[in-house]
*Asks:* 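Please find one structure pasted underneath; my questions will follow.
Note that this is a predicted model, so its numbers are computed, not measured. We count ligands from 1, going down the list as the structure has it; atoms in each ligand are counted the same way. Numbering starts at 1 and runs along the sequence shown.
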Amino acid sequence: MGFRKDFMWGGATAANQCEGGIFEGGRGLANVDVCPAGKDRNAVITGQMKMLEMDEEHIYPAAEAVDMYHHFKEDIALFGEMGFKTYRLSIAWTRIFPNGDEEEPNEEGLKFYDAVFAECKKYGIIPLVTISHFDCPIYLIKKWGGWRSRKMIDCYLHLCKVLFERYKEDVTYWLTFNEINMILHAPFMGAGIYFEEGENEEKIKYQAAHHELVASALAVKMAHEINPENKVGCMFAAGSAYPYSCRPEDVWEALLVDQENYFFVDVQARGYYPSYAKTRLTKQGVFPEMEPGDEEILRQYPVDFISFSYYNSRCIAAPGGDQEEAEGNLFRSAKNPYLKFSQWGWPIDPLGLRITLNEVYDRYQKPMFIVENGLGAVDTIDENGEIADDDRIDYLRDHILAMKAAVEEDGVDLMGYTSWGPIDLISAGSGEMKKRYGFIYVDKQEDGTGTMERKRKKSFYWYQKVIASNGEEL
Ligand code: BGP
């Protein structure tokens, strides 16, 4: 049986991690631009340290990134050479609206994406567009505090309207927010929120989440009105929570972690706040304020499909245990003794992808799309000038096999797979350049030096075969 004939193979990037050119084309400054590399990054992205401008002391890797702003033709040609059916990219909000609340969009910014989509078309690549990949204009953060304010909904919808109309002929696949559940873990990066001393952080985060959920539902409505062909998905950071042991307290804690993440998809896919969230958030005094009509909006405009990132599963123990902690995509979890780990300490769990696919499909019964998956690793160029990234190939092969089993043996409905960072780009979590995910190497080094030259790695040729054989030759 295998993957469907029109399976959407490809790769995924985010504007702020690859474009650079943040002062070009009339672009404004965004939260993602002022997240520094180095020791303060975590405090900034989690909203514990206020940073709304660039200063002299820090390095801001998004400023140049891998300069796709100037290299996109070459890069998309390489995606075409690999046989990509789709390319997931995000729009830098501040290229279109430098402040975020202007009436008229910035034509130069719109033209840039016209050119990107034209390039995709040349190679028969279908764009899959993330409207906001952790992107929030600084101006709106200064004015209203980012997504903590309901005012953001209108600004976001104005952006959506401009995008849906302008790119009507080019784009029919959209994602409203990247990893919407990241708002709970990295609220500044996820939603432009930083905290003042003494604030009720949970309440602010859930209020902001509510605003995004309403905005997302209204974006679905608008997308369908503007073009009935449009398909809109939600996107969350997935990875099932395993109990650390069969001790009921561990099982319970794992269930809570899963619910915390599924909460967002429950609302976006089913159209209402699940009972557990209503009850618990109310008891904790953090249930968001809603306006009349919000519940109807959520109910009327659920998403068409569900997408997620999967890097690893999580292993959860009840508080008070002395188990070791593992790293992994800004989520805290216990170290799973049965798994191997990446160079960045992230667990490697291909079967976990099959488990997650089954869980998500069981829960929502909607088509799914894996829009991020990959191995962040250091790459070295050997004496022949080649990059033999066998670990990456192994990682991807094992995950694709797991997803194949989920399709062939478990019957899950999967639309496509876009691996993360098909071209090296900067890390969202750490801001590092040396953590590479690409099939294409970029000569940009950790200290900012490099020629920006692009180079095919061994995995480039491997993925080309995978796509050509629709996932049969692995
Ligand atoms: C996800 C983000 C991506 C991406 C990826 C890998 O959370 O959606 O933007 O960067 O994780 O994480 P990292 O860059 O920290 O290795």
*Asks:* Does Trp346 come within less than 4.0 angstrom of ligand 1, counting non-hydrogen atoms of the residue?
*Replies:* yes
*Asks:* Would you please say whether a donor-acceptor pair under 3.5 Å links the side chains of Tyr301 and Ser216?
*Replies:*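 Tyr301 vs Ser216: no donor-acceptor pair found between side chains.
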*Asks:* Using a heavy-atom cut-off of under 4.0 Å, does the side chain or the backbone of Tyr311 touch ligand 1, or both, or neither?
*Replies:* side chain
*Asks:* Taking both backbone and side-chain atoms of Phe134, is any N or O found less than 3.5 Å from an N or O belonging to ligand 1?
*Replies:* no
*Asks:* Can you list the residues that meet the ring pair (Phe, Tyr, Trp, His ring centres under 6.0 Å) rule with Tyr310, with sequence neighbours excluded?
*Replies:* His399
*Asks:* Taking only heavy atoms of Lys435, which atoms of ligand 1 are found under 4.0 Å from at least one of them?
*Replies:* 13 (P), 15 (O), 16 (O)
*Asks:* Which ligand 1 atoms does Glu179 reach within 4.0 Å, using its non-hydrogen atoms?
*Replies:* 1 (C), 2 (C), 7 (O), 8 (O)
*Asks:* Under 3.5 Å between some N or O of ligand 1 and some N or O of Tyr437?
*Replies:* yes
*Asks:* Check each atom of ligand 1 against the heavy atoms of Asn178 and keep those under 4.0 Å away; list them by number with element.
*Replies:*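 With Asn178 as reference, the close atoms of ligand 1 come out as 8 (O).
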*Asks:* Quick one: does NZ or CZ of Arg95 land under 6.0 Å from the six-membered ring centre of Tyr69, within 45 degrees of the ring axis?
*Replies:*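 Yes; both conditions hold, so Arg95 lies above the ring face of Tyr69.
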*Asks:* Does a salt bridge link Arg397 with Asp394, judged by any charged N lying under 4.0 Å from a carboxylate O?
*Replies:* yes
*Asks:* May I ask you to list the atoms of ligand 1 that are less than 4.0 angstrom from any heavy atom of Gly429?
*Replies:*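 Here the atoms of ligand 1 in question are 13 (P), 14 (O), 15 (O).
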*Asks:* Which ligand 1 atoms, with their elements, are less than 4.0 angstrom from a heavy-atom of Ser427?
*Replies:* 13 (P), 14 (O), 15 (O), 16 (O)
*Asks:* Ligand 1 versus Ala14, non-hydrogen atoms closer than 4.0 Å: side chain, backbone, both, neither?
*Replies:*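 None of Ala14 does.
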*Asks:* Does CD1 in Ile59 sit with more than 12 non-hydrogen atoms of other residues, nucleotides or ligands closer than 6.0 Å?
*Replies:* no
*Asks:* Where is the tightest heavy-atom contact between Tyr194 and Arg148, given as atom of each residue plus distance?
*Replies:* O-NH2, 2.6 Å
*Asks:* My understanding is that we take every heavy atom of each candidate and find the minimum distance to atom 3 (C) of ligand 1. Doing that for Glu432, Glu372, Arg436, which one comes out nearest?
*Replies:*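 The nearest heavy atom belongs to Glu372.
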*Asks:* Is the Lys NZ or Arg CZ of Lys335 less than 6.0 Å from the centre of Phe341's six-membered ring, within 45° of the axis?
*Replies:*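 Relative to the ring axis of Phe341, which defines the angle, Lys335 lies inside both limits.
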*Asks:* Which pair of heavy atoms, one from Ala241 and one from Asp258, lies closest together, and at what distance?
*Replies:*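 Minimum heavy-atom contact is N-OD1, 3.1 Å.
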